[in-house]
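Presented below is the structure to which this report refers.
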Amino acid sequence: QVQLVESGGGLVQPGGSLRLSCAASGSIFSINAMGWYRQAPGKQRELVATITSGGTTNYADSVKGRFTISRDNAKNTVYLQMNSLKPEDTAVYYCAASIKYYSSSISYTGTDEYAYWGQGTQVTVSS
């Protein structure tokens, strides 16, 4: 029903920047929120950022002030601008879409709220 394709990952040095893109296709009008999650080696998948259809955003404390989630409705694409990257940002980054509706954007921060996931894109931060 909804397909997501991530792109933009790669190898960068600490302090560098990357922009991830997530293109959505299918029943895009049913999407109420989209999010970026990441999974580092030996770690559980964790929230990076979310954005609702109304434009409300939420960020993990670890990325606040460094990462920015945004969307381009005309292109059906969500972006994650990552600045001041740190080695601990190294992970596979996943795009996700939720078709559920909540009045509070906080409700979209849990992984169980997302029915559709992309395949992931690797981000490696190393000198």
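Y108 pairs by the ring-ring contact (aromatic ring centres under 6.0 Å, His included) definition with Y102, not counting sequence neighbours. By the salt bridge (Lys or Arg N to Asp or Glu O under 4.0 Å) test, K86 is found to be paired with no residue, residues two or more places apart in sequence or in another chain being considered. With sequence neighbours left out, K75 forms a salt bridge (Lys or Arg N to Asp or Glu O under 4.0 Å) with no residue at all. Shown here are the side-chain hydrogen bond (donor to acceptor under 3.5 Å, both in side chains) partners of N76, two or more places apart in sequence or in another chain: there are none. Shown here are the ring-ring contact (aromatic ring centres under 6.0 Å, His included) partners of Y114, two or more places apart in sequence or in another chain: Y37. By the salt bridge (Lys or Arg N to Asp or Glu O under 4.0 Å) test, R66 is found to be paired with D89, residues two or more places apart in sequence or in another chain being considered.
Side chain of E6 to main chain of G120: a donor-acceptor pair is present (N/O by atom type, distance under 3.5 Å, no hydrogens or angles). A distance-only check finds a donor-acceptor pair linking the side chain of Y59 to the backbone of I69 [under 3.5 Å].
The neighbour count for E46 CD, taken as heavy atoms of other residues, nucleotides or ligands under 6.0 Å away, is above 12.
Using a 4.5 Å heavy-atom threshold, the side chains of S126 and P87 count as separate. Between T50 and T52 the shortest side-chain heavy-atom distance does not fall below 4.5 Å. In this structure, L18 and V123 have side chains that are in contact, with non-hydrogen atoms separated by less than 4.5 Å. A heavy-atom distance below 4.5 Å is found between the side chains of Y116 and Q1.
Hydrophobic clustering, with ILVMFWY side chains joined whenever heavy atoms are under 4.5 angstrom apart, keeps I51 apart from W117. In terms of hydrophobic clustering, with Ile, Leu, Val, Met, Phe, Trp and Tyr side chains grouped at heavy-atom distances under 4.5 Å, V92 and L20 are assigned to different clusters. The hydrophobic clustering, which links ILVMFWY residues whose side-chain heavy atoms are closer than 4.5 Å, places L47 and V63 apart.
Atoms CZ and OG, on F67 and S84 in that order, are 9.0 Å from each other to the nearest 0.5 Å. In this structure, the separation between OG on S25 and CG on L4 is 7.5 Å, given to the nearest 0.5 Å. Rounding to the nearest 0.5 angstrom, the gap separating the OG atom in S107 from the CD atom in E113 is 7.0 Å. Put simply, OG on S98 and CD1 on I31 are 9.0 Å apart, with the number rounded to the nearest 0.5 Å. Atom CG of N32 sits about 5.0 Å away from atom OG of S53, to the nearest 0.5 Å. Atom CG in L11 sits 8.0 Å away from atom CD in Q13 (nearest 0.5 Å).
The shortest heavy-atom contact between S21 and T77 is CB-CG2, 4.3 Å. Between R38 and S62, the closest heavy-atom pair is NH2-OG, 3.4 Å. For the residue pair N83 and S17, the shortest heavy atom distance occurs at OD1-OG, 2.9 Å. Between V2 and S27, the shortest heavy-atom distance links the atoms CG2-O, 3.6 Å. Contact detail for R71 and G55: the closest heavy-atom pair is NH2-N, 3.2 Å. Taking both residues in full, the closest heavy atoms of Q39 and K43 are given as NE2-O, 3.2 Å, listed atom of the first, atom of the second, then distance.
Judged by distance alone, the side chains of T124 and Q122 do bring a donor and an acceptor atom under 3.5 Å apart. Between T109 and N58, the side chains place no donor N or O within less than 3.5 Å of an acceptor N or O (distance only, hydrogens not considered).
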Start with the C-alpha gap between Y79 and R19, add the side-chain angles, then the distance that decides, and say whether side chain to side chain donor-acceptor pair (under 3.5 Å) holds. CA-CA 7 Å; Y79 304 95; R19 188 181 73 166; 5.1 Å; no
Test side chain to side chain contact (heavy atoms under 4.5 Å, CB included) applied to C95 and M34, step by step: CA-CA 7 Å; C95 179; M34 297 189 69; 3.6 Å; yes
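Note that R45 lies in the cation-pi zone of Y94, set by a 6.0 Å cut-off to the ring centre and a 45° limit from the axis.
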